[in-house]
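Report on one structure; see the data block that follows.
Nothing here was measured: the structure is a model prediction, and the numbers come from that model. In each ligand, atom 1 is the first atom listed, and ligand 1 is the first ligand listed.
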Amino acid sequence: MSAQFPAARPRRLRRTPAMRRMVAETRLAPAELVLPMFVKEGIGDPQPVSSMPGVFQHTRDSLRKAADEAARAGVGGIMLFGIPAVKDGAGSSADDPDGIVQLALRDLASDVGDSIVVMTDLCLDEYTDHGHCGVLTPSGDIDNDATLERYASIAVAQAEAGSAVVGPSGMMDGQVAAIRAALDGAGHPDVAIMAYSAKYASAYYGPFREAAECAPQFGDRSTHQQDPANAAESLREVFLDLDEGADMVMVKPAGAYLDVVRRVRDAVDVPVVAYQVSGEYAMIEAAAEKGWIDRDRTIMESLLSIRRAGADIALTYWATEVARRLT
Ligand code: PBG
């Protein structure tokens with residue numbers, strides 16, 4: 001070999017689609033995708049979410065149809081969010097057996113419950129009139145321990161209606177322990193907890209607040225959600241949640257926090273979940289609509305990167321579409 005040619009030729013393994021497919025280090029599969037879904041009480045037709053083209057606030061009927069489509073596409077799970085018709089300070093409808101999520105859960109448990117994992121977001125912000133994730137003290141702070149009592153009750157209501165996995169997303173201290181104790185005490189030791197462990201106070205949640213109608217009426221979430229400046233703090237949150245009984249841990253958002261996903265993956269031996277949030281979805285859809293990026297390729301690249309960073313499971317609003325493309 002002449003010295004002017006390089007000895008190592010990595011390009012050999014990139015020459016053809018078949019070769020690239022064979023040597024790919026990371027793959028996507030429908031089963032590791034989870035579809036977040038919104039169901040709203042008291043609407044006659046599904047309502048499009050303007051900042052999330054392709055995403056809807058569902059009626060109970062349209063939810064059933066969309067969940068069935070997800071299951072048929074092989075999507076691994078759905079994460080359900082409810083939007084009640086009436087909100088109050090305590091978020092009373094969150095643990096009402098006839099609250100919208102509980103009704104939808106019963107529908108889904110009988111429709112698709114054997115073919116897809118039916119999960120529920122467990123928080124108060126969609127249910128409170130002030131839009132905060134917990135109940136408030138008279139001075140307007142979130143009362144951590146009073147909120148835990150509400151979460152415990154919501155967990156039991158969701159489990160009784162058929163949720164297989166509850167996802168506490170409120171970032172209250174001690175929430176996983178409180179929920180685990182409540183589930184066990186009410187005869188639901190088999191219901192798992194997917195803890196939103198490392199959840200940042202993120203501007204990327206913007207479009208979700210339209211979808212779930214849960215923008216805080218005053219203040220923000222930075223006294224309980226994490227500061228984007230911090231990464232070691234995420235490990236602290238993850239280990240606390242595991243000690244308290246979490247079965248899976250989540251990092252959220254995903255795309256801007258891939259370093260955190262990797263650190264968590266390297267530190268734990270439970271499934272690591274990453275949530276590709278509403279703002280990540282909206283940015284790609286908006287840029288694609290303007291013709292500035294290739295929509296389909298960007299979607300696949302964004303999800304592959306989340307997997308490459310170490311997430312075992314990704315929540316994404318594109319779950320059904322991507323699952324179909326993969327099969
Ligand atoms: C809280 C919750 C939020 C999201 C999921 N669960 C909003 C928030 O914390 O403000 C955001 C998800 C997204 O942006 O897609 N119940």
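- With a heavy-atom cut-off of 4.0 Å, Y281 does not touch ligand 1 at all.
- Scanning the protein heavy atoms around atom 2 (C) of ligand 1, the nearest turns out to be K199 NZ, 3.2 Å.
- When only non-hydrogen protein atoms are considered, atom 10 (O) of ligand 1 lies nearest to R209 NH2, 2.5 Å.
- Remark: ligand 1 atoms within the under-4.0 Å shell around heavy atoms of F81 are 5 (C), 6 (N).
- Both the sub-6.0 Å distance and the 45° axial angle are not jointly satisfied by K40 relative to the ring of F56.
- For atom 14 (O) of ligand 1, the closest heavy atom belonging to the protein is S278 OG, 2.7 Å.
- Atoms of ligand 1 found under 4.0 Å from any heavy atom of Y275 (numbered from 1 in listed order, with element): 12 (C), 15 (O).
- Of the listed residues (D125, D95, D145), just one forms a salt bridge (Lys or Arg N to Asp or Glu O under 4.0 Å) with R150, and that residue is D95.
- Given atom 12 (C) of ligand 1, the protein heavy atom at minimum distance is F208 CD1, 3.3 Å.
- Remark: minimum distance from atom 5 (C) of ligand 1 to any protein heavy atom is reached at K252 NZ, 2.5 Å.
- The nearest protein atom to atom 16 (N) of ligand 1, hydrogens excluded, is given as D125 OD1, 2.8 Å; this is a heavy-atom distance.
- With a 4.0 Å cut-off on non-hydrogen atoms, V277 touches ligand 1 through its backbone as well as its side chain.
- The same ILVMFWY cluster, assembled from side-chain heavy atoms under 4.5 Å apart, contains both Y281 and Y205.
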